[in-house]
Amino acid sequence: MRNIFNYENGIMRTINKVADGVTLGVLWAICSIPVVTIGASSAAFYYAYNRCIRQNMDYAWKTFFACFKANFKQATRIWLIVLGLSFIAALDCYLLSLMNVAAILVTALQAAMIAVLLVSIIWGIYLFPYLSRFDNPTKTVMKNCALIALANMPQSILLLVLLICIISFL
């Protein structure tokens, strides 16, 4: 009973990990309020989560902001590319749905735009963890993440389904 407040106790380590997880979640949400910084805050979240919670190495907030600062330019560029591609595909789907023509070509174009939207979301799922872990040029990061997503398509589809489920419950 006297070791209950010992820092090395299993209960205290668990409480510390939960507190770090909540801290990182709050930091991610606050730093993602300007939509432009979602990429940098996602990369910082993944890096800080791996370093603080999985490896028990540093302070969560300090690691988060160090990674946020280090990856800001590259993550913002990548995020704007993914956001632009997703926005264009979603806008095309919406505009095609407004057409009163029930042609097969319109339906095929709409299906193609939905596929582009889903692929860009899957690609985005892989980009920011990869960016937080490796130091590569932007073109290499984007190419490698596309290859990883294609090579692991069943897992990528599962990640997409989980993301859609999480977003739908919010």
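We're numbering straight along the sequence, starting at 1. These numbers come from the heavy atoms of this one structure, side chains and all, not from hydrogens, waters or symmetry mates. Everything numeric here is computed off the predicted structure, so don't read it as measured data.
- The same ILVMFWY cluster, assembled from side-chain heavy atoms under 4.5 Å apart, contains both I148 and I121.
- Linking Ile, Leu, Val, Met, Phe, Trp and Tyr whenever their side-chain heavy atoms come within less than 4.5 Å puts L163 and Y49 in one cluster.
- Counting all heavy atoms, side chain and backbone alike, C52 lies closest to T63 at SG-OG1, 3.7 Å.
- Closest heavy-atom contact between V82 and S120: CG1-O, 3.8 Å.
- The closest donor-acceptor contact from the side chain of S156 to the backbone of A149 lies under 3.5 Å.
- Within the model, atoms CZ of R77 and OG1 of T138 stand 4.0 Å from one another, a figure rounded to the nearest 0.5 Å.
- With hydrogens and angles ignored, the 3.5 Å screen pairs no side-chain donor or acceptor of S42 with any backbone N or O of G39.
- Interatomic distance, L83 CG to I88 CD1, rounded to the nearest 0.5 Å: 10.0 Å.
- Side-chain heavy atoms closer than 4.5 Å link hydrophobic residues (I, L, V, M, F, W, Y) into clusters, and following such links, even through other members, never connects I167 to L158.
- A 4.5 Å side-chain heavy-atom check between L127 and V141 finds at least one atom pair inside the cut-off.
- With values rounded to the nearest 0.5 angstrom, S86 atom OG is found 11.5 Å from I81 atom CD1.
- Side-chain heavy atoms closer than 4.5 Å link hydrophobic residues (I, L, V, M, F, W, Y) into clusters, and following such links, possibly through other members, connects L105 to M113.
- Looking at heavy atoms from C-beta onward, F65 lies in side-chain contact with C31 at the 4.5 angstrom threshold.
- F45 has its side chain out of reach of L27: every pair of non-hydrogen atoms, C-beta onward, lies at least 4.5 Å apart.
- Nearest heavy-atom pair across S132 and A43 is CB-O, 3.1 Å.
- Of all heavy-atom pairs between Q110 and L96, the closest is N-CD1, 3.5 Å.
- Applying side-chain contact (heavy atoms from CB on, under 4.5 Å) to N16 and the options D20, T14, V18 leaves one that passes, D20.
- Considering CG of L160 and CD of Q155, their distance stands at 13.5 Å, rounded to 0.5 Å.
- At most 12 non-hydrogen atoms from other residues, nucleotides or ligands lie less than 6.0 angstrom from CG of D135.
- Between F72 and F68, the two ring planes are tilted [angle within 30° to 60°].
- L147 belongs to no multi-residue hydrophobic cluster, having no ILVMFWY side-chain contact under 4.5 Å with any other such residue.
- The shortest side-chain heavy-atom distance between I53 and L24 falls under the 4.5 Å cut-off.
- In this structure, CG on L131 lies 5.0 Å from CD1 on I78, to the nearest 0.5 angstrom.
- Within the 4.5 Å cutoff, side-chain heavy atoms of I38 are placed close to those of V35.
- Across every non-hydrogen atom of I125 and L159, the tightest pair is CG2-CD1, 4.0 Å.
- If you chain together ILVMFWY residues whose side-chain heavy atoms come under 4.5 Å of each other, F87 ends up grouped with L91, Y94, L95, L98.
- Counting only residues at least two apart or in different chains, ring-ring contact (aromatic ring centres under 6.0 Å, His included) contacts with residues 107-132 comprise Y130-F134.
- Atom CD1 of residue I157 and atom CD1 of residue I122 lie 6.0 Å apart, to the nearest 0.5 angstrom.
- Cluster annotation: V119 and M142 are assigned to distinct hydrophobic clusters (Ile/Leu/Val/Met/Phe/Trp/Tyr, side-chain heavy-atom contacts under 4.5 Å, transitive).
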